[in-house]
Amino acid sequence: TERTLSIIKPDATRRNLTGKINAKFEEAGLRIIAQKRIHLTKAQAGKFYEVHKERPFYDELCEFMASAPVVVQVLEGEGAIVKNREVMGATNPADAAPGTIRAEFAQSVGENSVHGSDAPETAAAEIAFYFSGLELVG
Ligand code: GTP
Ligand code: MG
């Protein structure tokens, strides 16, 4: 089985949608093996999204991620990285397939409710960014 890092973003925690989003993960066969609610500083958000620092939306993205609490979580399951990306839907909710989290809940391309790791190497690095091994309870 595989593990991936998921974040329920500020637009979703603000609207009290964490339970509905977690239901989508569980219905897809993903198991939440670690989860915590934290409020990122802008500097912490900037470090997490460092790969995007040359992109025009970087500053807006970091402001947004620090604007309210997030729920960071580790999802485990068969093919968890790809499966989670399927459950999330396309980055822009206008392009997201029906039934996906972003189709149902996202507000815009920026305020799109969830983050999910995009590859095995990034998943490992992103999990280590937020969690110690002791916090992963499979
Ligand atoms: P993540 O799972 O969050 O990494 O989303 P993604 O892999 O579908 O998208 P990508 O890595 O390309 O972009 C990371 C995040 O930056 C997105 O999820 C959005 O929150 C934000 N983002 C991407 N494009 C735009 C944009 O054009 N404008 C704004 N404001 N934010 C954007
Ligand atoms: Mg990404």
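One-based numbering, in listed order, for ligands and for the atoms of each. Bear in mind the structure is a predicted one, so any value in this text is a computation, not a measurement.
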Just to verify, which of I8, D11, I21 counts as forming a side-chain contact (heavy atoms from CB on, under 4.5 Å) with F105? I21

Which heavy atom of R85 sits nearest to which heavy atom of S117, and what is that distance? CD-O, 3.3 Å

In terms of residue, atom name and distance, what is the protein heavy atom nearest to atom 14 (C) of ligand 1? H52 NE2, 3.4 Å

Should you measure from each heavy atom of Y49, which atoms of ligand 1 turn up under 4.0 Å away? 3 (O)

Subset of ligand 1 atoms that lie under 4.0 Å from at least one heavy atom of L61: 16 (O), 20 (O), 21 (C)

Near M88 (heavy-atom distance under 4.0 Å), the atoms of ligand 1 are 2 (O)

Distance under 4.0 Å to a non-hydrogen atom of E60: what atoms of ligand 1 satisfy this? 30 (N)

Could you walk me through whether F129 and L5 satisfy the side chain to side chain contact (heavy atoms under 4.5 Å, CB included) test, starting with their C-alpha distance in whole Å, then the side-chain angles of each, then the deciding distance to 0.1 Å, before giving a yes or no? CA-CA 10 Å; F129 186 89; L5 189 279; over 6 Å; no

Less than 4.5 Å apart, side chain to side chain, heavy atoms only: is that true for Q107 and R15? yes

Please give me the minimum heavy-atom distance between A97 and A103, naming the atom from each residue. O-CB, 3.2 Å

Give me the residue, atom name and distance of the protein heavy atom closest to atom 31 (N) of ligand 1. G110 CA, 3.4 Å

Numbered atoms and elements of ligand 1 in range of T91, under 4.0 angstrom, heavy atoms: 6 (P), 8 (O), 9 (O), 17 (C)

Distance filter under 4.0 Å to K9 heavy atoms, resulting ligand 1 atoms: 3 (O), 17 (C), 18 (O), 19 (C), 20 (O)

Just wondering, are more than 12 heavy atoms of other shown residues or ligands nearer than 6.0 Å to NZ in K47? no

For R102, state whether at least one heavy atom is located under 4.0 Å from any atom of ligand 1. yes

Between R102 and D95, does any side-chain N to carboxylate O distance fall below 4.0 Å? no

The closest protein heavy-atom partner of atom 28 (N) of ligand 1 is F57 CB, 3.6 Å

Whether K20 and E104 form a salt bridge (side-chain N of Lys/Arg under 4.0 Å from carboxylate O of Asp/Glu) is what I want to check. no

Nearest-neighbour protein heavy atom for atom 19 (C) of ligand 1, which is reported as residue plus atom name and distance: V109 O, 3.2 Å

Taking non-hydrogen atoms only, is H115 closer than 4.0 angstrom to ligand 1 via side chain, backbone, both or neither? both

Honestly, for E126 the part within reach of ligand 1 (heavy atoms, under 4.0 Å) is neither

When you compare the side chains of R14 and S67, does any donor N or O come within less than 3.5 Å of an acceptor on the partner? yes

Contacting atoms of ligand 1, where contact means under 4.0 angstrom from a heavy atom of N112: 17 (C), 18 (O), 19 (C), 20 (O)

Does atom CD of E50 have more than 12 heavy-atom neighbours, drawn from other residues, nucleotides or ligands, at distances under 6.0 Å? yes

In the protein, what heavy atom is nearest to atom 12 (O) of ligand 1, and what distance, to one decimal place, separates them? R55 NH2, 3.0 Å

